[in-house]
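Read the structure below first, then the notes.
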Number of protein chains: 2
Amino acid sequence: MDLTRAKLRQAAALMEKHGMDCWIVQFARETGLRSDPLGYLVGTAVTWPSAFLLNHDGRTAAVVGTGDSVQVGATGLWDVVRGYVATPRDELVGVLESWSPKRIGVTWSTSDDTADSITFGMYRMLESLLAGTPYADRLVAAGELAGEVRRRKLPDEIEGIHSAIAFTEQIFERIGAHLRPGISEKELQRQIQDWVHEAGFGFSWEELIDPIVDFGPRTGALGHTLPGDQKLEPGHIIHVDLGIERDGFASDLQRTWYWLKDGEVGAPEPVRKAFDATRAAIDAGMAVLKPGRAGHEVDAESRRTIIDAGYPEPGFAFGHHVGRVAHDGAGTLGPRWERYGDGPDVVIEPSNVFAVEMGLEVPGYGVVGLEEEAVVEEHGAHFLSTPQRELWLLPRKLR
Amino acid sequence: MDLTRAKLRQAAALMEKHGMDCWIVQFARETGLRSDPLGYLVGTAVTWPSAFLLNHDGRTAAVVGTGDSVQVGATGLWDVVRGYVATPRDELVGVLESWSPKRIGVTWSTSDDTADSITFGMYRMLESLLAGTPYADRLVAAGELAGEVRRRKLPDEIEGIHSAIAFTEQIFERIGAHLRPGISEKELQRQIQDWVHEAGFGFSWEELIDPIVDFGPRTGALGHTLPGDQKLEPGHIIHVDLGIERDGFASDLQRTWYWLKDGEVGAPEPVRKAFDATRAAIDAGMAVLKPGRAGHEVDAESRRTIIDAGYPEPGFAFGHHVGRVAHDGAGTLGPRWERYGDGPDVVIEPSNVFAVEMGLEVPGYGVVGLEEEAVVEEHGAHFLSTPQRELWLLPRKLR
């Protein structure tokens, strides 16, 4: 709970910048059933409608059903835990009266799903609880504050992500030793999932497509493709996109191998060229990943490298935040396309952690893809993952 | 997916009764990250903002980002899958134009958390997508429809719950064989959790308090109490409240044992009397658990039995729906107290599945608690669990 307490302190210090003096971090019920993107600031699940409030001076208060109050008290995060039996109205208004806030943040956002906490039903309930009090007209959207708190990683959060990455890199090692011609994409996916389950860890996106596994030339659509019955053959590129969740933190990494044909000592020229262009695009983006830059500026550097190398323009963004989940908050290192909303305009901050990625299709051979994690520091970014600098050739030769 | 398809058919048939001719079952994003109470009708998680629509004639349509369309198509649940790149506006309006609905349900509810799907941010996005079309003014709340669909179990859903119950009853067997004086509440909780994890199953509420374990006289507050360092001693009542999740279905059961002191051949009279009163209260409620009754009527029968036996009035409801989760939908077999909202007025329907429970504190000995699952049929209810009819005495004697 020490990390959660530190995050709440960090949030309190950011409230003035975001124009509020009180933040209803979470107003929710049955959060054991329905995970909430703000749950990581609350420390426990609740059954009854419950409000968790943070004041600009760092004071905290929880208004919870009496049945939940022992659990909430046990977190040690909430200075005051007010239990209710019939309705939370009196206790909630009581907290607000003691703090007298002028602008009360409520956590929702149209553009940032990781800051879109309150349901429509609970928002209506909140309005009805505050009806007739001075606080009814003081509600403002706290989505941007929630996003900044999520994006600005504390050292312990960076360490958590790093440890998810370290395990993912072990899995890539095992993949290299496990691959054999004849194994299918589905079989490799199942093996990787078994390794992750055996270690007691989870996945940072839906297991149906985690990992994504591609052997050889593409047959299906682009995007989040399901692994198929395609079997590995010599002359195939092998591409894996894997994200794991370890102790509440996520990784999101891509690696690429090539299986040599008989007599080959290296990958064919189009494969090597695509790998080199992919790596160069990662490096070009990393070179400008600095505080103060907008996401679209970073994307543009990477994107230009690909186009200059003679490939078609990539149909996806260069990067996204990583943290508690694989897509951890608004802010995209991507082009200003409508589908990315305001994401590409979000300015990069120190202690942001990004996944940076690039991929190219190599007709006749398969998909090259690289994805790394990087942390932003004052003067630039450095890799949190051990970046793949060379195409990995299989089978491994005895030397 | 056959069960999901059957649930969508069931829902389509109920739409007219609830006054709508189109239902936006889910409008959500990143549902792999944030589970949605309506996810069980959708069949897969999505990344981008996605709408899943059901027409009153049973036709279905999905509007999803192109990156999600393969996955969504693979479910086979959605007759039309319209992919979008920039914004879902045209595709969403296109579906509505083809169906011409007069009243469009959106899934939210203030009173029923399992029918409160859409977030405040997504509702705002939906309003803005429909702005300027005839559909903007046709949105109605679909929470009651969602609740009825959830409560009216199909045979395969009842079978799923039954199989979660069967495993839970195996755990109760193992508890009886495992208990020894000197074991602490925390140790027993951890052992039970290990058994559930080893079997590959989950928990139907938060693991911090699943199971709830009580040895001997109460020391803490009432409610969802954390297991403590209290060690089992002869003369203690042992009470366990355990819910597991197996293949997407939940159980919620309570069992009670008594550890004999040296020389005792049966439980002391106050313990026996409390057990008998608890069992009688379960039976009294079961006798009136029938279609057409309101929840508060059933609660009243059970409650009266306890009061007539000379005990203080219970501070909780007699029962709640069970299904995909332990508290599965609005509708409470409880008194008309403000904190239960409209729940006690919800009328019992055929194929509802309830947990029915009663508990009594026995000063000096501990907590007696029984909880069973029951399914409602045309003329009455029958137990899905094997009901505990006798207080279980430990240590087990060789005969």
Side-chain angles (χ1 to χ4, degrees), chain A residues 28-37 44-45 47-49 65-71 74 84-87 106 108-125 128 141 143 203 205-206 208-210 220-226 315-316 325-327 337-339, chain B residues 28-37 44-45 47-49 65-71 74 84-87 106 108-125 128 141 143 203 205-210 220-226 316 325-327 337-339:
Chain A
R29 57 191 164 186
E30 293 283 4
T31 48
L33 160 66
R34 176 176 180 143
S35 58
D36 184 292
T44 186
T47 304
W48 288 14
T66 48
D68 292 320
S69 58
V70 171
Q71 258 174 275
Y84 73 87
V85 174
T87 161
V106 182
W108 66 271
S109 168
T110 54
S111 59
D112 181 359
D113 68 281
T114 63
D116 193 22
S117 163
I118 192 167
T119 63
F120 192 74
M122 291 303 287
Y123 198 94
R124 287 285 188 97
M125 187 192 291
S128 107
F203 292 86
W205 62 86
E206 207 196 356
L208 197 62
I209 51 168
D210 189 357
L222 290 164
H224 301 153
T225 50
L226 300 170
F316 52 86
V325 289
H327 287 191
W337 295 343
E338 186 180 356
R339 79 178 197 224
Chain B
R29 56 190 163 184
E30 293 283 4
T31 48
L33 160 66
R34 176 175 179 143
S35 58
D36 184 293
T44 186
T47 304
W48 287 15
T66 49
D68 292 320
S69 59
V70 171
Q71 259 175 276
Y84 73 87
V85 173
T87 161
V106 182
W108 65 271
S109 169
T110 55
S111 59
D112 180 0
D113 68 280
T114 63
D116 193 23
S117 163
I118 193 168
T119 63
F120 192 75
M122 290 304 287
Y123 198 94
R124 287 284 189 96
M125 188 192 291
S128 108
F203 293 85
W205 62 86
E206 207 197 354
E207 280 188 52
L208 196 63
I209 50 168
D210 189 357
L222 291 163
H224 301 152
T225 48
L226 300 170
F316 51 85
V325 290
H327 287 191
W337 295 343
E338 186 180 356
R339 79 178 197 223

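Letters A, B, ... are given to chains in the order of the sequence lines, protein chains preceding strands, and every chain is numbered from 1.
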**Prompt:** Rounded to the nearest 0.5 Å, what separation is found between the CG atom of B:D112 and the CD atom of A:E30?
**Reply:**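 Between atom CG of B:D112 and atom CD of A:E30 there are 10.0 Å.
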**Prompt:** To the nearest 0.5 Å, what is the distance between CZ (A:R29) and OG (B:S111)?
**Reply:**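 Answer for the CZ-OG pair, A:R29 versus B:S111, is 7.0 Å.
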**Request:** Considering only heavy atoms and a distance below 4.5 Å, find which of B:S117, B:A115, B:A326 pairs most often with chain A.
**Result:**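 The option with the most such pairs is B:S117.
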**Item:** Top contributor to chain A contacts, counting heavy-atom pairs under 4.5 Å, from B:T31, B:L208, B:V85, B:V106
**Value:**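 Heavy-atom pairs under 4.5 Å are most numerous for B:V85.
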**Request:** Against chain B, label A:A74 side chain, backbone, both or neither, depending on which of its atoms sit under 4.5 Å from a heavy atom there.
**Result:**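 A:A74 touches chain B through side-chain heavy atoms alone.
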**Prompt:** Which answer fits A:S109, side chain, backbone, both or neither, if we ask what part of it has an atom under 4.5 Å from a heavy atom of chain B?
**Reply:**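 Backbone only.
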**Item:** N-O pairing of A:R34 and B:D116 below 4.0 Å
**Value:**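 Answer for the salt bridge query: no.
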**Prompt:** Any idea how A:F120 and B:Y123 line up, ring-wise: parallel (<30°), tilted (30 to 60°), or perpendicular (>60°)?
**Reply:**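 Answer is parallel, since the angle falls under 30°.
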**Asked** Measuring heavy-atom distances to chain A, does B:I118 have an atom under 4.5 Å in its side chain, in its backbone, in both, or in neither?
**Response**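 It is both, since atoms from each part get that close.
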**Request:** Could you look at B:T114 and say if it's the side chain, the backbone, both or neither that has a heavy atom under 4.5 Å from chain A?
**Result:**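 The answer is the side chain of B:T114.
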**Message:** Under a 4.5 Å cutoff for heavy-atom pairs, which residue among A:T110, A:T87, A:D36 has the most contacts with chain B?
**Reply:**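 Answer, by heavy-atom pair count under 4.5 Å with chain B: A:T110.
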